[in-house]
Amino acid sequence: MMRYLFLFFLGACALPKLEYHATPTDLEISEVVVLGTAQDGGRPHPNCWNACCKDSAKEPVASLGIRGQTGWWLVDATPDFSEQVARMGEMPKGIFLTHAHIGHYLGLAWLGREAASSGSMPVWCGPRMAEFLRGNGPWSQLVELGQIEVRVFQSGDVISLGDGLEVIVLKVPHRDEFSDTFAFLVRRIEGQSLLYVPDIDSWGDLTPSIETLAQSCDHLLLDGTFFSADELPGRDLSEIPHPLVTSTMNLLDTVPGRGEVRFIHFNHSNPLLQPASDAAEAVRHRGFGLAQTGDRIHLMPEELQRK
Ligand SMILES: [Zn+2]
Ligand SMILES: [Zn+2]
Ligand SMILES: [Zn+2]
């Protein structure tokens, strides 16, 4: 792992965005696969008996696969770990964790004795998450048995995956009960980049700003937990703060030259989980996208742009 100052991260981010001129061979080399789009509770959501969960197909919890030439890396180990790994066709070469909320790390349990019994699976996470895993069962058993190998990152770190890919770590403000929370910028070296921010309390406290990041990244998968404030009657949204999708669109609407923005991490109540809903249509009409499980986002190399 190479470690850079945070300013270096800004520099890495400030690469010009690239245009698509790819060949099929190039398409297969570096891509990010969407493995799920639901908020931590998934769909069906426990104790929801409304139409959103009763009448809808299962939707896995938000997660990504970063695929390179020699394998792939999982971003967040969700409760749907087994089916998400199955979709990729082999075990990952490593796992990146954003934070210690249930949708983002419980899947590590499937690496233990009762299931895959992996050997030294690299698990990259922040310092508090590492402490949490080492200090609490059943996660501590994964560490003690050598089934996972915890690798600690700091905000601003650039982690090389080989395969011409790297992951840049960015701290984000979130409800940090058991761990700090991070976003990841996946970058093809001398190629396109993708920012993944599944959970954040507010864009206002992010450095660099989301407007700057939108301008410097080619693809962005952003917290779309709630479309509007009236989705959770009876729950105090201040206890579970997220920027509303409508607010995020207002913020990014006028940012010139922004990358392609898709929303992800949808609460079961969010109408954006229904692609045919009026809300989904309104998002698309404003020039934003909705992540769907199975989406493959290609990270293009720079030289293709020059052809
Ligand atoms: Zn979450
Ligand atoms: Zn529901
Ligand atoms: Zn969270």
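Read the numbers this way: they start at 1 and go in the same order the structure lists the ligands and their atoms. One-based numbering along the sequence shown. Quick note: numbers below take in every heavy atom, side chains included, and nothing from hydrogens, waters or symmetry partners.
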Salt bridge or not between [X] and [Y]? Use side-chain N to carboxylate O under 4.0 Å.
{"X": "Arg128", "Y": "Glu131", "result": "no"}
{"X": "Glu260", "Y": "Arg262", "result": "yes"}
{"X": "Lys58", "Y": "Asp80", "result": "yes"}

With 2.8 Å as the limit, jot down which protein N, O or S atoms are around the Zn ion (ligand 3).
His99 NE2, His101 ND1, His174 NE2
Taking the six-membered ring for Trp, are the ring centroids of Phe182 and Phe153 within less than 6.0 Å of each other?
yes
How about Tyr196 and Phe184: are their ring centroids closer than 6.0 Å?
no
Given the ring of Phe96, does Arg151 sit roughly above its face, with NZ or CZ under 6.0 Å from the centre of the six-membered ring and within 45° of the axis?
no
Going by distance alone, is a donor N or O of one side chain under 3.5 Å from an acceptor N or O of the other, for His101 and Asp40?
no
Candidates Val186, Ile297, Leu299 - the one meeting side chain to side chain contact (heavy atoms under 4.5 Å, CB included) with Gln192:
Leu299
For Phe132 and Tyr105, take the angle between the two ring planes, folded into 0 to 90°, and tell me which bin it lands in: parallel under 30, tilted 30 to 60, perpendicular over 60.
perpendicular
Neighbouring protein N, O or S atoms of the Zn ion (ligand 2), below 2.8 Å
4
